[in-house]
Number of protein chains: 2
Amino acid sequence: MADITHPSPSSVDTPFLALDPVRLDRNIARLQARMDALGVVLRPHLKTAKSADVARRLYVGGTGPTTVSTLKEAEYFAEAGFRDLLYAVGIAPDKLPRVLALRERGVDLCIILDSVEQAQAVVAASRTSGRPLPAMIEIDVDGHRGGLVPDNSAILEIAGILHRGAELRGVLTHAGESYGCRSEEALVAAAENERAKTVAAAERIRAAGLPCPVVSVGSTPTSHFARDLAGVTEVRAGVYMFFDLVMAGIGVCAVDDIAATVVATVIGHRREKGWILVDAGWMAMSRDRGTARQPVDQGYGLVAAMDGTLFEDLLMVEASQEHGTLAIRPGSAARLPELPVGTRVRIYPNHACATAAQYDRYHVLETGSDRIAATWPRIQGW
Amino acid sequence: MADITHPSPSSVDTPFLALDPVRLDRNIARLQARMDALGVVLRPHLKTAKSADVARRLYVGGTGPTTVSTLKEAEYFAEAGFRDLLYAVGIAPDKLPRVLALRERGVDLCIILDSVEQAQAVVAASRTSGRPLPAMIEIDVDGHRGGLVPDNSAILEIAGILHRGAELRGVLTHAGESYGCRSEEALVAAAENERAKTVAAAERIRAAGLPCPVVSVGSTPTSHFARDLAGVTEVRAGVYMFFDLVMAGIGVCAVDDIAATVVATVIGHRREKGWILVDAGWMAMSRDRGTARQPVDQGYGLVAAMDGTLFEDLLMVEASQEHGTLAIRPGSAARLPELPVGTRVRIYPNHACATAAQYDRYHVLETGSDRIAATWPRIQGW
């Protein structure tokens with residue numbers, strides 16, 4: 001997939017999305033080592049990367065279990081050879097034909113749900129297709145969005161429906177509220193809460209005489225802070241491959257771990273206002289302002305030189321569609337750097353999932369240089 | 001371009017971007033009639049639509065002057081037959097080869113700038129190519145982002161450089177602060193401020209014995225509230241074709257004028273929390289929360305039935321990547337509607353430019369029905 005030209009970054013027009021493969025591999029190895037030590041399977045979520053080239057870095061010379069957020073991702077990764085897929089968004093019944101079509105091609109695509117109506121639709125689809133469709137029950141451990149709380153009696157009702165008419169594969173949760181944690185203690189507690197409640201739901205199902213082979217938990221914060229995963233069979237996480245300023249703000253990574261940055265060019269100055277204008281706005285960064293809810297608001301991103309070295313307290317403070325305004329953080333004594341028109345900078349994003357979504361490819365940097373070693377395509381849409 | 005199948009909307013998986021051609025044409029006609037009455041050329045900005053099919057609705061049976069926000073848009077619209085293009089983001093010198101390549105193909109692509117360095121780069125490119133490259137000087141009328149204030153002496157210096165070594169096409173501004181207006185009086189004043197300051201800059205250039213044929217102003221709010229455009233030769237606006245909740249909040253349009261909505265499917269309920277979950281999250285809506293700064297915060301969007309009728313006070317209050325949470329507006333006495341799993345809804349977005357950017361096509365609705373008459377491709381990226 002990778003092309004073999006090695007252009008200088010200046011031969012690619014800005015804005016573009018630069019990916020540092022050294023940091024990517026380091027982030028991948030870090031979580032894999034944790035999961036290996038804790039004795040659970042890692043099922044990486046590919047919603048951030050949406051790239052087969054990135055996905056292949058996850059498994060030594062092969063493919064492995066993956067999570068996806070859309071059926072387009074499922075179809076794309078199936079085509080690229082990934083055969084063990086979990087579509088981790090509650091199933092809409094009218095998407096079942098696409099799920100069945102992938103399963104007909106020998107892909108083990110599992111779905112999730114949290115209602116009797118969805119379970120009945122899965123049973124009907126299993127009957128029509130003549131093959132039991134595997135599904136997991138979504139558990140709510142922290143009130144974040146969907147799922148059933150572990151003592152909700154609907155869990156056993158749904159488990160029974162799936163067991164009789166489809167395939168009851170297990171239970172699944174996502175500790176989405178862990179993004180709001182502000183200390184290691186809180187992260188460790190969120191991970192234990194996620195584990196304990198999901199395992200409790202699995203044990204209720206088993207106590208009712210029903211199978212529950214898979215117990216799947218995960219979020220990037222909890223996966224990095226779980227101290228014990230007893231009863232859990234697999235962990236899901238996605239943004240950890242790239243990391244971002246939101247994850248750095250939570251304390252899951254350092255800014256220096258961030259693997260994906262946006263390259264932009266200086267197109268103007270408003271010296272009397274202390275502004276530098278670049279050709280990357282919210283279209284290039286996304287509108288994600290995730291750090292605005294954190295103790296340190298990073299604007300639309302932190303600004304670095306092309307070698308990745310941060311300029312002191314230089315942020316993208318405002319963004320229009322194709323313009324970004326760089327300025328020194330309010331209250332800082334740092335001085336605005338001299339960046340003449342035409343200078344290229346790298347911007348560390350708030351939220352890698354949202355920023356990467358704006359691009360149809362990665363420009364992969366050469367190790368130890370700002371030259372481009374390859375372009376890796378990525379998918380967009382549904 | 002349009003395909004000729006007429007599928008039911010249920011044959012397209014959600015989320016998708018629905019475009020109502022009746023509202024589109026009505027919005028286009030409204031601003032065109034205003035500009036015709038005021039005697040100025042309308043140069044629509046295609047950064048919102050990014051679609052040749054939409055662009056062709058702007059001109060009766062032909063093409064006309066257009067504005068673009070990226071060189072990819074310039075190349076795409078040139079390919080589709082649009083030959084009079086203004087790239088309205090300050091030029092990065094290393095993009096000049098792409099500009100020259102389009103001009104070599106007979107496309108009248110004009111660029112903008114606001115510094116001596118950029119003007120010198122344009123002169124150098126004009127000399128190299130043997131053809132004077134047209135450029136406009138960006139004027140700042142309200143402190144929004146780039147540009148030179150009308151009495152900045154750099155305007156005359158740049159004008160002289162361009163006139164001697166390239167082509168001085170005129171002056172241009174964008175009254176970006178008009179998005180913050182909260183009354184008709186303020187909008188009228190913003191439009192007059194935009195006009196007066198830009199015309200003043202043009203007259204300074206002319207008083208110095210230099211040409212300034214084009215005086216270009218524009219924003220969707222000011223273009224709809226300008227009462228007089230004396231001295232202005234053209235007006236630019238983009239989001240008016242689709243409109244959105246931000247524009248409705250400013251008072252430029254009604255919610256019922258919004259032409260582009262996101263279709264989503266109900267995938268779950270948290271009745272004890274008053275939540276309905278849909279399969280459209282921030283990936284489908286964008287992270288744009290433009291109404292958060294307005295008197296009425298519309299969350300991630302207002303929710304309607306498939307016929308476009310709004311549910312009373314039902315908003316998308318929260319969004320994950322592929323999940324949206326619908327709930328009644330805080331403080332409202334409205335009741336959560338019964339929307340079973342599988343129900344489709346339409347969501348009016350905060351910011352049409354950002355929402356449309358998430359899609360590679362429009363699903364165009366049939367007049368007076370929720371059936372799909374055509375798909376229109378749109379471009380993404382740079």
Side-chain angles (χ1 to χ4, degrees), chain A residues 10 13-16 47 69-71 89-95 98 113-115 117-118 121 138 140 143-147 176 265-270 273 275 277 279 281-284 286-290 318 320-323 325 340-342 351 353-354 357-361 380-382, chain B residues 10 13-16 47 69-71 89-95 98 113-115 117-118 121 138 140 143-147 176 265-270 273 275 277 279 281-284 286-290 318 320-323 325 340-342 351 353-354 357-361 380-382:
Chain A
S10 63
D13 276 351
T14 54
F16 64 86
K47 77 187 181 81
S69 70
T70 66
L71 290 178
V89 175
I91 191 72
D94 60 9
K95 288 180 180 153
R98 264 171 97 179
L113 50 81
D114 65 359
S115 70
E117 302 98 293
Q118 288 165 302
E138 187 175 4
D140 171 26
H144 183 63
R145 55 183 188 218
T265 301
V266 173
I267 58 169
H269 299 86
R270 296 299 301 266
K273 290 170 175 272
W275 291 353
L277 297 168
D279 66 352
W282 58 252
M283 189 68 83
S286 90
R287 267 290 194 202
D288 199 289
R289 289 281 290 105
E318 195 48 85
S320 312
Q321 186 160 336
E322 299 291 348
H323 297 80
T325 303
V341 166
H351 187 176
C353 308
Q358 303 301 99
Y359 296 86
D360 67 357
R361 73 198 71 178
Q380 298 172 289
W382 292 270
Chain B
S10 64
D13 276 351
T14 53
F16 64 86
K47 77 187 181 80
S69 70
T70 66
L71 289 178
V89 175
I91 192 72
D94 61 7
K95 288 179 179 154
R98 265 171 97 179
L113 50 80
D114 65 358
S115 69
E117 303 98 292
Q118 289 165 302
E138 186 175 3
D140 171 26
H144 184 63
R145 56 183 186 218
T265 301
V266 173
I267 59 168
H269 300 87
R270 296 299 301 266
K273 291 170 174 272
W275 290 352
L277 297 167
D279 65 353
W282 57 252
M283 190 68 82
S286 90
R287 267 291 193 202
D288 199 288
R289 290 279 292 102
E318 194 48 84
S320 313
Q321 186 160 337
E322 298 291 348
H323 298 79
T325 302
V341 165
H351 188 175
C353 308
Q358 304 300 99
Y359 296 86
D360 67 357
R361 74 198 72 179
Q380 298 172 289
W382 291 270

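All values below were derived from every heavy atom in this structure, side-chain atoms included, with hydrogens, water molecules and symmetry-related copies excluded. Here is how names work: the chains are called A, B, and so on, in the same order as the sequence lines, proteins then strands, and each is numbered from 1.
In terms of heavy-atom pairs under 4.5 angstrom with chain B, the leader among A:S320, A:G268, A:S286 is A:S320. Interface check for chain A: of the options B:V89, B:V266, B:T265, the most heavy-atom pairs under 4.5 Å are formed by B:V89. For the options B:G176, B:A284, B:G281, heavy-atom pairs under 4.5 Å to chain A are most numerous at B:A284. Between chain B and the residues A:G143, A:G290, A:G381, A:A357, the most heavy-atom pairs under 4.5 angstrom are made by A:G143. Of the listed residues B:G342, B:P340, B:C353, the one with more heavy-atom pairs under 4.5 angstrom with chain A than any other is B:C353. In terms of heavy-atom pairs under 4.5 angstrom with chain A, the leader among B:E138, B:K47, B:E117 is B:K47. Ranked by non-hydrogen atom pairs under 4.5 Å with chain A, the options B:D288, B:T14, B:T325 are led by B:D288.
In this structure a side-chain-to-backbone donor-acceptor pair under 3.5 Å is missing from A:R287 to B:R289. No donor-acceptor pair closer than 3.5 Å links the side chain of A:Q321 to the backbone N or O of B:S69.
Other residues, nucleotides and ligands place no more than 12 heavy atoms under 6.0 Å from the CZ atom of A:R361.
Across every non-hydrogen atom of B:H351 and A:W282, the tightest pair is CE1-CZ2, 3.6 Å. Scanning all heavy atoms of the two residues, the minimum distance from B:L277 to A:G146 falls at CD1-CA, 3.3 Å. Heavy atoms only, all atoms of each residue included: B:I267 and A:Q118 are closest at O-NE2, 3.1 Å.
Both the backbone and the side chain of A:P15 have a heavy atom closer than 4.5 Å to some heavy atom of chain B. Neither the backbone nor the side chain of B:L113 comes within contact range of chain A; no heavy atom of the residue lies under 4.5 Å from a heavy atom of that chain. Proximity to chain B involves both the backbone and the side chain of A:H144, based on heavy atoms less than 4.5 angstrom apart. Looking at B:R270, the atoms closer than 4.5 Å to chain A (heavy atoms on both sides) all sit in the side chain, from C-beta outward. Neither the backbone nor the side chain of A:A121 comes within less than 4.5 Å of any heavy atom in chain B. Using a 4.5 Å cut-off between heavy atoms, A:Q358 touches chain B through backbone and side chain atoms alike. Interface remark: A:D114 contributes side-chain atoms only to the contact with chain B (heavy atom separation under 4.5 Å).
Looking at A:D360 and B:Q380, their side chains never come closer than 4.5 Å, going by heavy atoms from C-beta outward.
Between B:D279 atom CG and A:W382 atom CH2 the span is 10.0 Å, to the nearest 0.5 Å. Considering OG1 of B:T70 and CD of A:E322, their distance stands at 6.0 Å, rounded to 0.5 Å. Remark: A:K273 NZ to B:D140 CG distance equals 6.0 Å, nearest 0.5 Å.
In this structure, A:K95 does not pair ionically with B:D13, as no charged nitrogen and carboxylate oxygen lie closer than 4.0 Å.
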